[in-house]
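Here is the structure we will look at.
Below, chain A is the first sequence line, B the second, and so on; all start at residue 1.
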Protein chains: 2
Amino acid sequence: MFEAAELGRTLDKDIYKKELPDLRAELLQIQQELLGCNFPVLVLISGVDGAGKGEMVNQLHEWMDPRHLETTAFDAPTDEEKERPHFWRYWRALPPKGKIGIHFSSWYSDPITQKVEGKIADHDLEAYLSRINILEKMLVDDGVLLIKLWLHLGKKHYKERIKSLAADPKTAWRVTQKNIDNIKVYDSFREVAEITLTQTSTGQAPWIIVEGYDANYRSLTVGRLLRDMIRKRMDTDPRVLVSPGMDWSSKAVDKTTLLDFVDLEKSLGKKEYLEQLTHYQAHLSELARKAHKNKISTVMALEGWDAAGKGGMIRRIIHALDARHYRVIPVAAPTDEEKARHYLWRFWRHLQRGGHFTIFDRTWYGRVLVERIEGYAREDEWIRAYQEINEFEEELTEHGIVLMKYWLHIDKDEQLARFKAREQISYKQHKITDEDYRNRERWDDYAMAIADMVERTSTRHAPWDIIEGNDKRYARVRALQLLCERLEKVL
Amino acid sequence: MFEAAELGRTLDKDIYKKELPDLRAELLQIQQELLGCNFPVLVLISGVDGAGKGEMVNQLHEWMDPRHLETTAFDAPTDEEKERPHFWRYWRALPPKGKIGIHFSSWYSDPITQKVEGKIADHDLEAYLSRINILEKMLVDDGVLLIKLWLHLGKKHYKERIKSLAADPKTAWRVTQKNIDNIKVYDSFREVAEITLTQTSTGQAPWIIVEGYDANYRSLTVGRLLRDMIRKRMDTDPRVLVSPGMDWSSKAVDKTTLLDFVDLEKSLGKKEYLEQLTHYQAHLSELARKAHKNKISTVMALEGWDAAGKGGMIRRIIHALDARHYRVIPVAAPTDEEKARHYLWRFWRHLQRGGHFTIFDRTWYGRVLVERIEGYAREDEWIRAYQEINEFEEELTEHGIVLMKYWLHIDKDEQLARFKAREQISYKQHKITDEDYRNRERWDDYAMAIADMVERTSTRHAPWDIIEGNDKRYARVRALQLLCERLEKVL
């Protein structure tokens with residue numbers, strides 16, 4: 001794989017000088033046009049130590065307009081990053097549409113380094129790389145132009161480079177013990193890199209290997225690559241980019257869904273309710289304290305029919321929590337900063353620190369519910385969202401986050417009764433709008449979408465709980481009980 | 001000051017029960033209306049340990065709609081926070097318009113605690129409090145409804161409370177050694193608190209002291225306060241809120257400004273230029289490395305006439321920097337998240353981590369330049385902006401940030417020549433728009449505004465450098481030279 005990049009290629013200085021002015025003008029022109037385009041460019045830079053990655057990126061910044069080019073280097077994670085799932089730091093640095101982001105020491109650094117140092121096994125590496133493939137597919141599907149560059153250097157040239165840097169008093173400071181040690185592990189590094197590149201050179205995001213031996217050669221090569229790849233993408237009809245979705249026809253022979261099997265008769269008497277409410281709230285309060293102490297975070301994803309009682313349920317839950325340790329996130333229309341990125345970005349950004357609760361009032365499931373039904377998302381978008389969501393949730397749970405997903409269920413008659421009741425109470429009137437009645441007319445479509453959602457996203461690590469909601473008292477106690485049970489298991 | 005809040009006031013349970021339903025309905029109603037209002041509410045909670053601050057805030061969250069209420073507790077700063085100026089963490093947590101933010105352990109915690117512990121002197125406390133006054137004035141002037149609540153408890157009641165908590169096995173865990181120690185320092189705490197409250201009870205943001213002895217009393221009092229203060233603010237004609245600006249008439253008897261005294265004849269020959277450019281870039285490269293190692297950050301505020309050559313200057317500067325350690329921030333129209341907050345928020349948020357360069361291509365000075373000239377900011381807004389900006393910059397420099405402010409100056413003929421030249425180069429055509437020609441017509445107005453700006457914001461800690469820019473070569477070298485000189489001084 002790397003043979004062609006270990007030849008010591010150089011570029012004639014005259015060719016370089018001749019081509020450079022045009023290349024720079026073209027890159028600037030492209031950046032300017034990109035500002036008006038509906039996709040971001042994400043460049044991942046990896047490769048062999050000493051292959052000139054830093055110099056090359058600096059060069060790009062000089063050639064291009066640095067105001068629309070953001071380079072992020074991922075060194076040791078900060079404590080705010082450590083308290084979130086692994087990929088959080090990469091998500092927060094994703095470039096918005098119209099801009100170019102360069103990720104230095106991207107999500108490939110950790111797995112390669114750890115494998116070379118013998119800290120993880122083969123299957124760990126493989127699992128990690130599969131996860132990367134899913135993440136990259138998610139980004140590419142969303143329109144990100146992903147360019148993955150591997151700057152390479154053969155062993156002989158690597159040794160030479162370190163020696164020559166060390167020999168020159170002006171550059172000797174750049175040579176660290178790490179560089180010298182890297183000579184010894186070069187072969188195993190090369191092997192792990194080959195495995196990594198092979199497994200992650202997917203159709204949607206292939207690796208491009210560039211020999212880093214000669215500064216002019218590597219800079220001009222990368223400059224041309226960026227120019228050509230961005231230009232090609234701009235010239236591509238966006239319809240071609242839509243990955244064909246599977247044929248989505250319901251397998252069910254009738255219109256019955258799992259929701260029809262929910263026992264909505266369940267209820268609690270007032271006395272029982274107050275007893276159990278107090279009991280579970282006290283218990284939750286204790287568990288939450290312990291979770292905070294142990295820095296175990298909880299994410300609650302709350303979905304349900306309009307007027308199902310999410311608000312009242314949230315109030316009963318937070319009664320047991322400390323206001324300093326939770327945040328309720330109402331999911332409304334995205335801001336323009338959110339619209340400029342992948343739809344999951346706006347959920348990633350709200351994840352709270354270690355030991356905190358993040359309570360989403362409506363969630364990322366909007367993608368496969370309202371966006372599906374109302375046509376805000378294309379069919380291929382909502383169809384692939386199931387996998388994207390599963391992946392997102394797996395990242396949360398892998399980090400040790402307790403993830404609760406509630407569908408608060410009521411039936412159609414109960415909903416109507418509640419709409420009418422709300423219209424009688426002045427401070428609740430704002431809660432009922434024409435939209436609520438419109439949504440109601442599409443009840444059956446929603447029921448089907450909910451059934452699909454539960455079927456495809458109730459996973460081992462993140463199961464759905466359907467909460468019987470016709471009786472508010474029962475629903476509130478049930479929500480508390482389920483939360484307590486789950487917290488107990490992990491604490 | 002605190003006598004009236006050390007009486008052990010209680011509230012009759014029946015009164016509480018009777019009033020509560022209406023109060024809650026009103027609070028919800030107000031929150032709903034607030035969403036459509038053009039101001040945020042910021043509630044600062046301070047007070048005596050054990051006065052029920054946490055319980056009271058939890059209570060508010062339960063009464064109100066927790067989706068539009070964000071409580072932030074400021075514990076020990078994270079490493080990302082430590083690498084920025086002191087107030088950065090508070091700025092990042094400011095609520096947007098239409099929402100309520102509660103700051104727990106707000107900017108008052110540090111000064112009070114440090115004074116009580118004898119870590120700072122009287123004049124340090126005073127300086128800190130003046131700074132708070134300026135910050136609060138800035139927020140209030142911008143429309144923030146600032147509510148400062150001090151929950152109090154007399155010494156006798158404090159002792160009682162700690163004892164009774166410790167006696168009950170269910171609450172004993174809440175009593176820490178710190179609480180017990182606080183009994184000993186109660187008197188000095190009370191004294192420092194009195195000084196603090198006296199000095200910061202300003203017209204625009206007075207303190208409100210609430211006795212915290214009885215849960216019902218304090219909750220109902222605070223609930224009523226919020227209701228009444230927000231309601232009153234909603235009912236106030238916004239024109240009344242505009243603080244009368246000073247009369248702004250130029251003192252100058254002629255139209256000459258300091259810009260007329262800039263020697264635009266300064267220039268460099270090509271050979272000299274290349275020599276000096278190389279020299280200063282090499283020097284800067286070394287200094288930047290050292291700054292990064294020592295975690296000293298640099299903020300560059302670049303302003304200048306259209307076509308003055310900021311872009312080319314930036315490119316010569318970043319040539320000497322590592323792309324991983326700087327960010328160029330182009331200041332364009334604010335996003336909707338930015339528009340929902342104080343105009344300085346969008347600059348605060350871009351401050352990079354320790355050891356990094358943040359290069360602003362156009363800056364917060366837009367407030368007193370384009371916003372003043374074009375009328376985007378009201379007169380009282382841009383007039384008070386000078387002080388706000390000075391304060392902002394002082395916070396940067398106090399944190400140890402190296403702050404460079406360049407006005408890149410050219411004359412009117414030179415500008416026209418450059419416009420014409422740019423129109424000839426395809427990839428630079430986008431840089432010249434009708435707006436540039438329109439701005440040009442207001443050259444004299446801008447010149448006056450620039451002179452005012454330099455006069456009022458060239459401070460000891462953050463002086464302006466006017467860079468003679470008719471000769472691009474001279475300007476670039478000069479910019480590098482000034483930067484190197486300043487870095488040398490601090491490194």
Side-chain angles (χ1 to χ4, degrees), chain A residues 24-29 32-33 35 54 57-63 65-73 75 78-81 83 102 104-105 170 173 282 289 311 314-316 318-319 321-330 332 335-338 340 353 359 361 425-428 430-431, chain B residues 24-29 32-33 35 54 57-63 65-73 75 78-81 83 102 104-105 170 173 282 289 311 314-316 318-319 321-330 332 335-338 340 353 359 361 425-428 430-431:
Chain A
R24 289 184 57 176
E26 287 160 351
L27 283 170
L28 286 170
Q29 177 66 33
Q32 196 54 36
E33 286 175 42
L35 287 175
V57 170
N58 288 343
Q59 189 70 80
L60 285 179
H61 273 250
E62 249 190 287
W63 288 350
D65 186 338
R67 298 174 307 164
H68 306 304
L69 187 62
E70 283 196 354
T71 290
T72 310
D75 297 323
T78 67
D79 49 13
E80 296 193 25
E81 288 169 342
E83 293 180 16
I102 298 181
F104 216 97
S105 316
K170 272 194 291 189
W173 62 271
R289 225 153 46 222
I314 291 174
R315 218 156 36 239
R316 272 40 173 219
I318 63 172
H319 176 84
L321 306 179
D322 186 321
R324 287 163 286 195
H325 303 147
Y326 68 81
R327 188 76 35 112
V328 179
I329 312 292
T335 67
D336 50 13
E337 295 184 37
E338 290 170 341
R353 298 187 53 196
I359 302 172
D361 182 2
I425 304 173
S426 72
Y427 66 91
K428 285 191 173 174
H430 70 269
K431 287 188 162 184
Chain B
R24 289 184 57 176
E26 286 160 352
L27 284 170
L28 286 170
Q29 176 66 33
Q32 196 54 36
E33 286 175 42
L35 287 175
V57 170
N58 287 343
Q59 189 70 79
L60 285 179
H61 273 250
E62 250 190 286
W63 288 350
D65 186 338
R67 298 174 308 163
H68 306 305
L69 187 62
E70 283 196 353
T71 290
T72 310
D75 296 323
T78 67
D79 49 13
E80 296 193 25
E81 289 170 341
E83 293 181 16
I102 297 181
F104 216 98
S105 316
K170 272 194 291 187
W173 62 271
R289 224 153 46 222
I314 291 174
R315 222 163 25 246
R316 272 38 173 220
I318 63 172
H319 176 85
L321 305 179
D322 187 320
R324 287 163 286 195
H325 303 148
Y326 68 82
R327 188 73 38 110
V328 179
I329 312 292
T335 67
D336 51 12
E337 294 184 37
E338 291 170 341
R353 297 187 53 195
I359 302 173
D361 182 3
I425 304 173
S426 72
Y427 66 90
K428 284 190 174 173
H430 70 269
K431 287 188 161 185

Among the listed options B:T335, B:D336, B:T72, B:T71, the residue most often paired with chain A at heavy-atom distances under 4.5 Å: B:D336
Choice from B:W173, B:W63, B:Y326 maximising heavy atom contacts with chain A below 4.5 Å: B:W173
Chain A contact via B:R316 - which portion, at a heavy-atom distance below 4.5 Å: neither
Chain B interface, residue from A:H68, A:Q59, A:E70 that has the most non-hydrogen pairs under 4.5 Å: A:E70
Backbone of A:A323 reached by a side-chain donor or acceptor of B:N58 within 3.5 Å: yes
B:L321, part contacting chain A, at a heavy-atom distance under 4.5 Å: backbone
Proximal component of B:H325, with respect to chain A [non-hydrogen, under 4.5 Å]: neither
Nearest non-hydrogen partners of B:V328 and A:P66, listed with the distance: CB-O, 3.7 Å
B:I314 portion near chain A, given a 4.5 angstrom heavy-atom threshold: side chain
Chain A contact via B:R327 - side chain, backbone, both or neither, heavy atoms under 4.5 Å: side chain
Residue A:D361 versus chain B: region with a heavy atom under 4.5 Å: side chain
Between B:R353, B:H319, B:R315, B:E337, the one whose heavy-atom pairs under 4.5 Å with chain A are most numerous: B:E337
Largest heavy-atom contact set with chain A, pairs under 4.5 Å, which of B:E80, B:K170, B:E81, B:H61: B:E80
Considering all heavy atoms, the nearest A:G54-B:R324 contact: CA-NH2, 3.8 Å
